[in-house]
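Quick notes on the structure that follows.
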Amino acid sequence: MLRTIVFLFATGMSLAPQNSPAQPAPQLTLGSMDVHWNEGAPDCSKTSQPPLQVHPYNAQTFILRENPCATAEAPFMYLLVGSARALLVDTGDVADAAQMPLATTVIGILPRINGETIPLLILHTHGHLDHRSGDAQFKSLPNVEIVRTDLDHVRKYFGFADWPNGVAQIDLGNRIVDAIPTPGHYPSEVSYYDRDTGMFFSGDFFLPGRLIIEDSSADLASAKRVAGFIQDRPVSYVLGGHIELGSDGGYLEIGSHYHPREHVLQLTKQDLLALPGIVSTFNGFYSQSGMFVMYNQSRILEGIGLTFLLCLLACILGLRRLLRRRKKTN
Ligand SMILES: [Zn+2]
Ligand SMILES: [Zn+2]
């Protein structure tokens, strides 16, 4: 059941200048984060877990997660329902509807007006395939708008004239969602803030897991802009695209279909406010700050490639020397 209560935020209140007139306390529509995400399995052929898990946070807000057995990425998606239309943030890692009933599930959740489901807008946090492969399932459906993830389309759709500066608004009907550019992990990444629930959707820009940073200066600038944005706003939960941490703070194995004892999905406003400090310690290659491992995947791959080439060169030179010695001794 929907519970709307007055939500007082100590942080926000304490930031108000002394002797200033009392500000109206922000009202958030709250819900339940009491959920256990399915773990996948050591042997996926022996599990009866469904490919898609849906957690109704409240009557208008749904958190969806692809099962680790369906995809080791096990990404999260978010469905926000307004009075005029609904917004789906990300479409996951699986294109095939027979394996992943994403579109039928989402359309099944949408309210109907005069027998027709309300329009659905599909936006993405970013363009990596594990966040947009499900687009294919929606392409032929009526009343669905899908916004592409390349920077050109993102800028034009939201009207960002001075990317990555500025904040755009999406009106779902009595529900406004702010779109905030957060490049760094991905050049056209966007995070979303739902004014109704206070949820901040941070994709792979910020999550309980590995922070893959491809552009350090862009990422740090994004972290600072986001910290400025949320400073005086109520944030109930910061929700990313994956869980890669265990409840003990250790990291889950990359590529594993079994995610036992995961860290909770939600991070806090304080965690997000601390992000500029975390990213500022990144050495541009691989480093760790607190529970967050940060690395630049492209540079690591380049490093591996360079090491391989150097080893190959050393082998060729060694072989040439050996052949020359043999020639001399013959
Ligand atoms: Zn990504
Ligand atoms: Zn991802």
Side-chain angles (χ1 to χ4, degrees), residues 37-38 40 51-53 63-79 88-95 99-100 102 122-137 146-151 153-154 164 179-192 199-216 218-223 226 238-246 251-257 259 262-267 271-272 275 278-279 282 284 286 291-301:
W37 299 110
N38 290 331
L52 186 63
Q53 184 175 358
I63 305 175
L64 298 88
R65 202 240 184 129
E66 292 182 339
N67 190 279
C69 273
T71 162
E73 297 285 353
F76 287 87
M77 296 153 281
Y78 302 96
L79 179 63
L88 178 65
V89 176
D90 286 349
T91 60
D93 194 32
V94 184
Q99 293 175 35
M100 182 60 64
L102 178 66
I122 295 180
L123 298 172
H124 308 84
T125 54
H126 64 297
H128 285 149
L129 281 174
D130 54 317
H131 298 267
R132 66 180 171 92
S133 290
D135 285 9
Q137 297 185 24
I146 304 173
V147 179
R148 287 166 57 176
T149 56
D150 58 281
L151 185 54
H153 274 89
V154 170
I180 307 113
T182 48
H185 170 76
Y186 191 88
S188 60
E189 181 136 8
V190 176
S191 294
Y192 301 93
M199 287 174 164
F200 190 95
F201 304 107
S202 52
D204 288 1
F205 165 66
F206 190 50
L207 71 166
R210 302 169 182 89
L211 306 181
I212 302 175
I213 300 174
E214 294 297 296
D215 183 333
S216 303
D219 204 80
L220 180 57
S222 293
V226 163
V238 179
L239 303 169
H242 309 269
I243 300 172
E244 296 176 345
L245 276 170
Y251 276 83
L252 300 171
E253 194 185 320
I254 293 175
S256 174
H257 292 281
H259 293 205
E262 282 181 326
H263 190 282
V264 292
L265 167 65
Q266 62 270 29
L267 295 172
D271 291 330
L272 191 49
L275 188 60
I278 293 167
V279 176
F282 182 45
Y286 183 99
M291 68 179 185
F292 295 102
V293 162
M294 295 168 278
Y295 62 91
N296 182 315
Q297 194 160 263
S298 304
R299 284 200 185 153
I300 286 180
L301 289 174

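No hydrogens, no waters, no symmetry mates; every other heavy atom, side chains included, goes into these values. For ligands, and for the atoms within them, numbers begin at 1 and follow the listed sequence.
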Test side-chain contact (heavy atoms from CB on, under 4.5 Å) applied to H263 - qualifying residues, sequence neighbours left out: P208, I243, L245, L267, M291
Over 12 non-hydrogen atoms of neighbours within 6.0 angstrom of OH in Y286: no
Donor-acceptor contact present, side-chain D90 to main-chain T125, <3.5 Å: yes
Sphere of radius 2.8 Å around the Zn ion (ligand 1) - protein N, O or S atoms inside: H126 NE2, H128 ND1, H185 NE2, D204 OD2
Donor-acceptor pair, side chain of S188 and main chain of T149, under 3.5 angstrom: yes
Exam field: side chain Q53 to backbone L64, donor-acceptor pair closer than 3.5 Å: no
Expected output: side-chain S222 to main-chain P183 donor-acceptor under 3.5 Å: yes
